[in-house]
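Just so it is clear, the values below take in all heavy atoms, side chains as well, and ignore hydrogens, waters and symmetry mates. Being a predicted model, the structure only gives us computed values, none of them experimental.
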Amino acid sequence: MEPYGGNEIIITLVNPILQSVPIKSWTFRSRQPTISIGRAAENHVVLYSAVVSRHHLEVRRQGLHWEIVNLSANGTFVDEKPIDKMTVLDGLKLRLARSGPILQFHLGKPSPPSPSPEAS
């Protein structure tokens, strides 16, 4: 996995047992500077779980990359280790709280450049 500055980010809620099975996905373009995730209705990604904080985490556009910032006292975990902040890597899976939902992140590829008109 490596950071990639594509033009979209796809956040997928995955089945906690069969992690290859998606439950729901959200797609955001890079013009969206911040994506909020949590239990409160005003978040971009709303997750109904008692262990998810009202404003659990944010995914922020930082130049060419996306960055995850934990906002919750319940924690955000990657490979069972708590994180405060990290760069999003394509295919990254994280868990909200120790026993909460699992999210997977995919970074979209940039659009190919438009062909320039040829001079006559």
Side-chain angles (χ1 to χ4, degrees):
M1 292 188 295
E2 50 186 75
Y4 184 75
N7 65 350
E8 69 182 20
I9 185 168
I10 302 154
I11 302 171
T12 303
L13 175 63
V14 297
N15 184 305
I17 303 201
L18 302 170
Q19 291 187 20
S20 62
V21 178
I23 295 173
K24 185 171 182 175
S25 287
W26 299 264
T27 301
F28 300 93
R29 302 275 179 212
S30 62
R31 65 182 170 267
Q32 177 80 32
T34 302
I35 302 161
S36 58
I37 300 172
R39 199 176 66 241
E42 65 267 15
N43 287 296
H44 296 100
V45 175
V46 178
L47 300 170
Y48 301 103
S49 170
V51 296
V52 173
S53 297
R54 289 182 311 116
H55 300 284
H56 201 102
L57 65 92
E58 286 185 347
V59 182
R60 299 175 183 162
R61 187 71 175 176
Q62 295 294 327
L64 297 176
H65 305 289
W66 293 95
E67 181 177 76
I68 294 168
V69 179
N70 176 58
L71 304 174
S72 173
N74 293 341
T76 299
F77 297 82
V78 174
D79 295 328
E80 299 183 30
K81 295 178 186 134
I83 60 115
D84 288 321
K85 186 189 290 191
M86 74 177 291
T87 299
V88 175
L89 305 173
D90 188 43
L92 173 72
K93 286 184 184 175
L94 60 78
R95 185 181 291 272
L96 304 180
R98 288 204 180 271
S99 61
I102 298 170
L103 296 176
Q104 184 166 29
F105 295 80
H106 288 288
L107 302 171
K109 305 295 182 213
S111 303
S114 302
S116 58
E118 295 190 30
S120 345

#### Entry: Worked verdict on T34 versus H44 for side chain to side chain contact (heavy atoms under 4.5 Å, CB included)
CA-CA 9 Å; T34 302; H44 296 100; 5.7 Å; no
### Task
Kindly indicate, with the supporting measurements, whether the criterion salt bridge (Lys or Arg N to Asp or Glu O under 4.0 Å) is fulfilled by E8 and R29.
CA-CA 4 Å; E8 69 182 20; R29 302 275 179 212; 2.5 Å; yes
### Message
Count I, L, V, M, F, W, Y as connected when their side-chain heavy atoms are under 4.5 Å apart, and connections chain through other members. Are I83 and I102 then in the same cluster?
### Response
no
### Task
Evaluate the side-chain proximity of D90 to L92: yes if any heavy-atom separation is below 4.5 Å, no if none is.
no
### Message
Give me the atom names and distance for the closest heavy-atom approach of P16 to I23.
### Response
CD-CD1, 4.5 Å
### Task
State, to 0.1 Å, how close G100 and V51 come at their nearest heavy-atom pair, and which atoms those are.
CA-CG2, 3.5 Å
### Query
Mind checking whether I11 and L47 sit in one hydrophobic cluster, side chains of I, L, V, M, F, W, Y counted as touching below 4.5 Å?
yes
### Task
Give a yes or no answer on whether the side chain of E67 reaches the backbone of T87 with a donor-acceptor pair at less than 3.5 Å.
no
### Query
At what distance, to the nearest 0.5 angstrom, does NZ of K24 lie from OG1 of T12?
11.5 Å
### Which atom of L13 lies closest to which atom of L103, heavy atoms considered
CA-CD2, 3.9 Å
### Message
I need the H55 NE2 to S72 OG distance, nearest 0.5 Å.
### Response
11.5 Å
### Query
Are V78 and I35 linked, directly or through other ILVMFWY residues, by side chains that come within less than 4.5 angstrom of each other?
yes
### Message
Donor-acceptor check, side chain of N43 to backbone of V45, threshold 3.5 angstrom: yes or no?
### Response
no
### Validation row: I37, E58 side chains within 4.5 angstrom (heavy atoms)
no
### Message
Just verifying a value: how many Å separate S25 OG and Q104 CD, rounded to the nearest 0.5 Å?
### Response
9.0 Å
### Task
Considering non-hydrogen atoms only, spot the tightest contact between V46 and R39 and give its length.
CG1-O, 3.6 Å
#### Entry: F77 and R98, any side-chain heavy atoms less than 4.5 Å apart
yes
### Distance-minimising heavy-atom pair for G63 and R61
O-NE, 3.3 Å
### Query
Just wondering, are more than 12 heavy atoms of other shown residues or ligands nearer than 6.0 Å to CD in E42?
yes
### Task
Give a yes or no answer on whether the side chain of N74 reaches the backbone of L96 with a donor-acceptor pair at less than 3.5 Å.
no
### Message
Can you confirm if the NZ or CZ of R60 lies within 45° of the ring axis of W66 and under 6.0 Å from the centre of its six-membered ring?
### Response
no
### Message
Quick one, F105 and V59 - any side-chain contact, counting heavy atoms below 4.5 Å?
### Response
yes
### Query
Is there a path from V14 to L94 through hydrophobic residues (I, L, V, M, F, W, Y) whose side chains come within less than 4.5 Å of each other?
no
### Query
Do L107 and I10 belong together in a cluster built from hydrophobic side chains that touch within less than 4.5 Å?
no
### Message
Just so I know, are the side chains of T76 and H56 near enough to count as touching, which here means a heavy-atom distance under 4.5 Å?
### Response
yes
### Query
If you round to the nearest 0.5 Å, how far is NE2 of H106 from OG1 of T27?
10.5 Å
